Novice: 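What follows is a single structure, and I will ask about it in a moment.
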Amino acid sequence: MEIIKTYRSRRDQVNFESLGFGEVFSDHMLTMEYKDGRWGSPQIVPYGKIEIYPSICSLHYGQIVFEGLKAFYTQKGAINIFRPEKYHERMNLSCRRLCIPELSLALFMEGLKELITVDKEWAPRKRGYSLYIRPFIFATDSFLGVKVSETYRYMIITSPVGAYYKEGINPVKLITPVEYIRAAKGGLGAAKTPANYAATLLPAEEAKKKGFTQVLWLDGVERKYIEEVGTMNIFFLINEELITPPLEGTILGGVTRDTTIHLAKEWKINVTERRVSIDEVLLASKKGSLAEVFGTGTAAVISPVGEIQYGGERIIINKGRIGSLSQRLYDEITGIQYGERPDNFRWCYLI
Ligand code: COI
């Protein structure tokens with residue numbers, strides 16, 4: 001792999017003691033072209049502007065996929081990339097839905113390993129902080145007809161990050177919009193593609209204006225079953241059953257969702273992937289059997305939900321405080337990520 005290093009690192013301009021999310025970018029980035037039916041060879045170059053034609057089809061029609069994973073500076077000084085194979089699997093799933101050529105696991109891993117090694121000093125040392133890794137692929141044909149592109153560009157950029165929500169691990173407040181949906185069956189909901197996030201911007205802005213942190217998404221057909229929260233998967237602890245909506249095409253298969261399911265099962269918790277309606281949650285809340293609600297995602301890890309507004313009803317969960325299962329999951333997942341707890345499932349890729 002060709003590596004062209006920057007002659008001047010920007011690292012000393014960054015305050016690693018107070019990082020937001022995705023605001024600063026490491027010194028280097030990886031780039032690789034697809035043409036004539038195959039991926040070329042990757043290159044690592046200084047992070048900076050890229051040159052593209054204004055006519056490239058992805059700018060107009062959104063033929064793009066992306067991923068988001070994290071690397072952690074562990075206790076022993078190694079860098080741990082958490083579950084990279086699982087993110088690779090999801091990226092290829094998104095590629096198939098968006099008619100984008102897939103990437104082999106070997107190429108994906110080689111790119112990650114080389115880029116993180118070059119910029120390993122950008123992995124924050126502070127607990128709660130990490131190096132967020134953003135691989136993405138966009139179509140580059142210069143053509144305004146709506147069709148599948150024949151050329152693409154794969155890139156990886158990385159960003160030292162702190163908490164995703166300003167609340168950190170403190171519970172967030174959600175509202176369920178009646179007039180918007182995130183995805184419908186047969187659509188793009190299960191793919192990690194920008195259109196899904198674009199669809200959430202207006203509802204999220206309206207929610208924020210009303211004093212809520214994020215939106216709780218209901219299904220696109222009956223507007224009854226809960227699907228996701230903001231950009232995360234969601235879990236409910238009702239009567240000692242840990243419920244999360246099933247992956248039936250409208251929901252993104254979160255890696256943290258999968259991690260949570262594995263850990264909860266290991267802890268002998270009754271985990272079910274089944275449909276859960278907002279009415280069931282409301283009823284459970286009234287009966288006092290709704291113990292916890294939390295979102296799972298790579299960026300925030302575990303994000304407890306303290307309140308849900310649905311129509312005229314207000315559901316307060318666990319008195320607006322973080323629940324013990326949410327806390328236990330957060331501690332265990334981050335413990336494994338920082339190399340403080342045993343990696344029983346072999347999720348850690350150390351470099
Ligand atoms: C996540 O990692 O939970 C997300 O989906 C957020 C990301 C798009 C910044």
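Starting from 1, each residue takes its place in the sequence as its number. Small disclaimer: the values here were computed from a predicted structure and weren't measured. Ligands are counted one by one from 1 in listed order, and the atoms in each one are counted from 1 as well.
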Novice: Give me the nearest non-hydrogen protein atom to atom 2 (O) of ligand 1 as residue plus atom name, then the distance to 0.1 Å.
Specialist: Ala299 N, 2.9 Å

Novice: What I want to check is whether the side chains of Glu2 and Gln43 have a donor and an acceptor closer together than 3.5 Å.
Specialist: yes

Novice: Just jot down the ligand 1 atoms closer than 4.0 angstrom to any heavy atom of Gly297, in number order.
Specialist: 3 (O)

Novice: Please determine if Tyr164 has a nitrogen or oxygen closer than 3.5 Å to a nitrogen or oxygen of ligand 1.
Specialist: no

Novice: Does an N or O from Phe66, backbone or side chain, lie closer than 3.5 Å to an N or O of ligand 1?
Specialist: no

Novice: Which of the atoms of ligand 1 are close to Thr298, meaning less than 4.0 Å from one of its heavy atoms?
Specialist: 1 (C), 2 (O), 3 (O)

Novice: Please report which non-hydrogen protein atom sits nearest to atom 6 (C) of ligand 1, along with the residue it belongs to and the distance in Å to one decimal place.
Specialist: Thr231 OG1, 3.6 Å

Novice: Students often mix this up, so state it plainly: with edges at 30° and 60°, are the rings of Trp39 and Tyr152 parallel, tilted or perpendicular?
Specialist: tilted

Novice: Got an N/O contact under 3.5 Å between Tyr132 and ligand 1?
Specialist: no

Novice: Please confirm whether the backbone N or O of Glu227 pairs with a side-chain atom of Asp219, one donor and one acceptor, at under 3.5 Å?
Specialist: no

Novice: Decide yes or no for Thr193 and Phe66: does some side-chain heavy atom of the first lie under 4.5 Å from some side-chain heavy atom of the second?
Specialist: no

Novice: Side chain, backbone, both or neither: which part of Arg257 has a heavy atom under 4.0 Å from ligand 1?
Specialist: neither

Novice: Just checking Arg125: does its CZ atom have more than 12 heavy atoms from other residues, nucleotides or ligands closer to it than 6.0 angstrom?
Specialist: yes

Novice: Answer yes or no on whether Arg127 is positioned over the face of Phe72, meaning its NZ or CZ is under 6.0 Å from the six-membered ring centre and within 45° of the axis.
Specialist: no

